[in-house]
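Any value given below was found using the heavy atoms of this structure, including those in side chains, with hydrogens, waters and symmetry copies removed.
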Amino acid sequence: MKDLLTRRQSLLLLGTSIAAGACSAKPTGRARPDAGSRPTPSMAGWGAGFENQRIADRGDGTFLNPIFSGDRPDPSIIKDGDTYYLTFSSFDAYPGLFIWQSNDLVNWQPVGPALTNPIGSVWAPDLVKHEERYFIYIPARSADRKSIYVIHADRIDGPWSEPVDLNLPDHIDPAHAVGEDGKRYLFLSNGDLIQLSEDGLSTVGEVEHVYDPWRYPEDWDVECFCPEGPKILRKDDWFYMLTAVGGTAGPPTGHMVIAARSRSVKGPWHHAPNNPQVRTTDRSESWWSRGHATLLEGPNGDWWMISHGYENGFWTLGRQCLLEPIRWRDDGWFESLGGDLSRPFPKPRPDEHRPHGIPLSDDFTSASLGPQWAFYNPSPEEYGRVSLNGSGLALAAKGSTPADTSPLCVIPGDRAYEVTTQIELEAGARAGLLLFYNAGLYCGISYGPEGLVMHRYGQERARPGDLKPGLTKFDLKARNDHHVVTFFTRLPGERWKKFDVQMEVSGYHHNTAYDFLSLRPGLMSAGTGHVRFKQFQYRSLS
């Protein structure tokens, strides 16, 4: 990549790279951990983590899905000794491919991002350890290029290499495997396969078609056939392949997990007699569109399946990460014991107590950007917009509306939450607080030289009479209470003033606007000059 990070930009990102050896300590993010640094015991429902964020660990030896709330799609997981490492699709967010670690599969601590230089929208990756090196195979697409890339590192916390283009423009969702012949391969979408070089950094020969996925009954309601997300496990001389079919979103009953096995990576592949392994059968269930699953051995020799799904009624939160127990049958196949995932399960390690996740709040007093932040669809120079000198985040202006400003966003995982920020405005700049899905769908309010603007449905409406002209300091607050969004403004020394338009945002999701994303709180700096954000506070209302 020709657009390498400058030294200054690299320093700004140090806060997003947390040494793996320090992950048992409190996460760094310029937010003070509250009582959520350990799970709050729960008689019903979820536990409470940082800022009262919901977490799976209920504090009583059980957990309730999701193990990662919020937009954590296409999980890719490895077991490395006694430690598990996990990453997710990051799509248009950078830094991307954030890596997490855990010892119990329920509570996850941050490691850091593996991808900083933009290569496009990052779809379902595959995290691999081969011999003593880590790899991530990355499908990515931009306006002028679609391919699969690979990055590598000798340590899980990096540094990670620059992306290498494998020149595979016709496929997505790679899955690494070592064949019965000892050679390295990538499984691809649509049942295809290609051999890799010994170092895993190039391909050998041509793509082969090796597998025709199982077909569901014609009368099922799905989005499309769309075979994708293959994941491979080798066990007892069998290769087991899990594949997602039925489409990623669409009807809640669409996305599902199927299985096949073979003695050879090239087949023949035999369908599991109990397909589909996982499927939402009715929209009344807790989790919709469950797919992209991986089988893995637990810490005590037990077995689990990790996948993703949409929460019933909350497409806006994106695809969340799910964990369920499985058992191996006498005939060598497996079956899930998770049901509809509406009930708690015993933790794989009930005696393990570590913090989960990271705070989303930030006082911007550090010299580095916190690990909770990511730009939407940034340019390679985007990190140069950030200045942190201990007295706030100075974000250089870009664009004129949320659509072209590359807002700086966090990932919420709660059904109801509140975010606030303190703002200092330079002449010519426009500052905003958004709930942002993509460049075509967002809501929020912003203030600049032309006064206040309301953003709704991805459109702008001027409201110049709502705030007096010439302001340089003010606060903004957004409350998202189960899809009913209220904005507030506050001038120095005054009380919060409720904005007179409330917004219903349950339709701000993939089935409306595509892109496989989620609705995220974001900071907007547009126009000219800089906006200084003095505080950002997140609080779960759940």
Side-chain angles (χ1 to χ4, degrees), residues 65 73-75 123-124 171-173 175 187-193 209-233 238-262 267-295 303-315 319-343 509-512 514 516:
N65 278 293
D74 308 318
W123 291 24
H171 294 83
I172 58 172
D173 298 4
F187 284 85
L188 306 166
S189 53
N190 297 316
D192 292 347
L193 178 75
H209 183 73
V210 297
Y211 170 58
D212 291 312
W214 177 86
R215 284 270 185 174
Y216 42 77
E218 190 175 277
D219 61 349
W220 286 8
D221 291 328
V222 300
E223 184 181 36
C224 57
F225 183 44
C226 301
E228 59 188 22
K231 297 296 182 185
I232 307 297
L233 169 72
W238 286 102
F239 292 94
Y240 292 85
M241 184 195 307
L242 274 66
T243 306
V245 295
T248 301
T253 56
H255 209 34
M256 68 192 83
V257 178
I258 63 172
R261 70 181 183 185
S262 173
W269 290 89
H270 306 282
H271 301 313
N274 58 330
N275 276 334
Q277 306 300 311
V278 167
R279 175 178 177 252
T280 304
T281 59
D282 187 272
R283 66 181 303 123
S284 65
E285 294 181 21
S286 298
W287 293 96
W288 296 347
S289 301
R290 293 160 60 187
H292 278 256
T294 300
L295 297 176
W303 282 85
W304 299 82
M305 182 190 300
I306 193 168
S307 64
H308 68 210
Y310 286 104
E311 190 168 1
N312 186 324
F314 284 86
W315 275 307
R319 290 166 291 168
Q320 304 181 56
C321 189
L322 309 172
L323 182 71
E324 57 197 285
I326 69 159
R327 76 172 185 93
W328 290 96
R329 307 188 328 183
D330 293 340
D331 60 4
W333 293 102
F334 65 92
E335 60 185 25
S336 169
L337 304 177
D340 65 0
L341 304 187
S342 61
R343 70 185 191 279
H509 57 74
H510 172 83
N511 285 346
T512 301
Y514 192 63
F516 305 101

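The shortest distance between side-chain heavy atoms of Trp333 and Pro273 falls below 4.5 Å. Looking at heavy atoms from C-beta onward, Thr243 lies out of side-chain contact with Trp269 at the 4.5 angstrom threshold. For the pair Trp220/Pro251, no side-chain contact is recorded, criterion being any heavy-atom separation below 4.5 Å from C-beta on.
For Asn190 (side chain) and Asp192 (main-chain N/O), no donor-acceptor pair under 3.5 Å exists by modelled atom type. The closest donor-acceptor contact from the side chain of Asn312 to the backbone of Trp288 lies at 3.5 Å or more, if one exists at all. Side chain of Ser189 to backbone of Ile172: a donor-acceptor contact under 3.5 angstrom is found. Distance alone, capped at 3.5 Å, is enough to place a donor-acceptor pair between the Ser262 side chain and the Pro268 backbone. Under a 3.5 Å cut-off, the side chain of Arg261 and the backbone N or O of Gly332 do form a donor-acceptor pair.
Between Trp315 and His509, the ring planes are tilted. Angles from 30° to 60° get that label. The aromatic rings of His510 and Tyr514 sit tilted, their planes meeting at an angle between 30° and 60°.
Going from atom CD of Glu228 over to atom NE2 of His292 covers 3.5 Å, rounded to the nearest 0.5 Å. Here Leu337 contributes atom CG and Trp304 contributes atom CH2; the two are 9.0 Å apart, rounded to the nearest 0.5 Å. Arg343 CZ to Asn65 CG: the interatomic distance, rounded to the nearest 0.5 Å, is 10.5 Å. Interatomic distance, Glu335 CD to Met305 CE, rounded to the nearest 0.5 Å: 10.0 Å. In this structure, the separation between OG on Ser286 and CG on Asp340 is 5.0 Å, given to the nearest 0.5 Å. Atom NE2 of residue His271 and atom CE of residue Met241 lie 10.5 Å apart, to the nearest 0.5 angstrom.
When all heavy atoms of Asp74 and Trp123 are compared, the pair lying nearest together is OD2-C, 4.5 Å. Among all heavy-atom pairs drawn from Arg279 and Pro276, the shortest one is CB-CG, 4.0 Å. Closest of all the heavy-atom pairs between Trp214 and Phe225 is O-CE1, 3.7 Å. For Thr280 against Trp287, the heavy-atom pair with the smallest separation is OG1-O, 2.8 Å. Pro75 approaches Cys321 most closely through the heavy-atom pair CB-SG, 4.1 Å. Taking all atoms of both residues into account, the shortest heavy-atom contact from Phe334 to Gln277 is O-OE1, 3.3 Å.
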Side-chain donor-acceptor contacts of residues 252-259 below 3.5 Å, not counting sequence neighbours, with atom names and distances?
unit_1, atom_1, unit_2, atom_2, d
Thr253, OG1, Asp221, O, 2.8
His255, ND1, Gly247, O, 2.8
His255, NE2, His308, NE2, 3.3

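Applying the salt bridge (Lys or Arg N to Asp or Glu O under 4.0 Å) rule to Asp331 yields the partners Arg329; only residues at least two apart in sequence or on another chain are considered. Partners of Asp173 under the salt bridge (Lys or Arg N to Asp or Glu O under 4.0 Å) rule, at least two apart in sequence or in another chain, do not exist in this structure.
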side-chain contact (heavy atoms from CB on, under 4.5 Å) between Leu341 and Glu285: does it pass, once the steps are laid out?
CA-CA 9 Å; Leu341 304 187; Glu285 294 181 21; over 6 Å; no
side-chain contact (heavy atoms from CB on, under 4.5 Å) between Phe187 and Val210: does it pass, once the steps are laid out?
CA-CA 9 Å; Phe187 284 85; Val210 297; 4.2 Å; yes
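The local environment of CG in Asp330 is sparse, with at most 12 non-hydrogen atoms from other residues, nucleotides or ligands closer than 6.0 Å.
A donor and an acceptor atom, one from each side chain of Ser289 and Glu223, are nowhere located under 3.5 Å apart.
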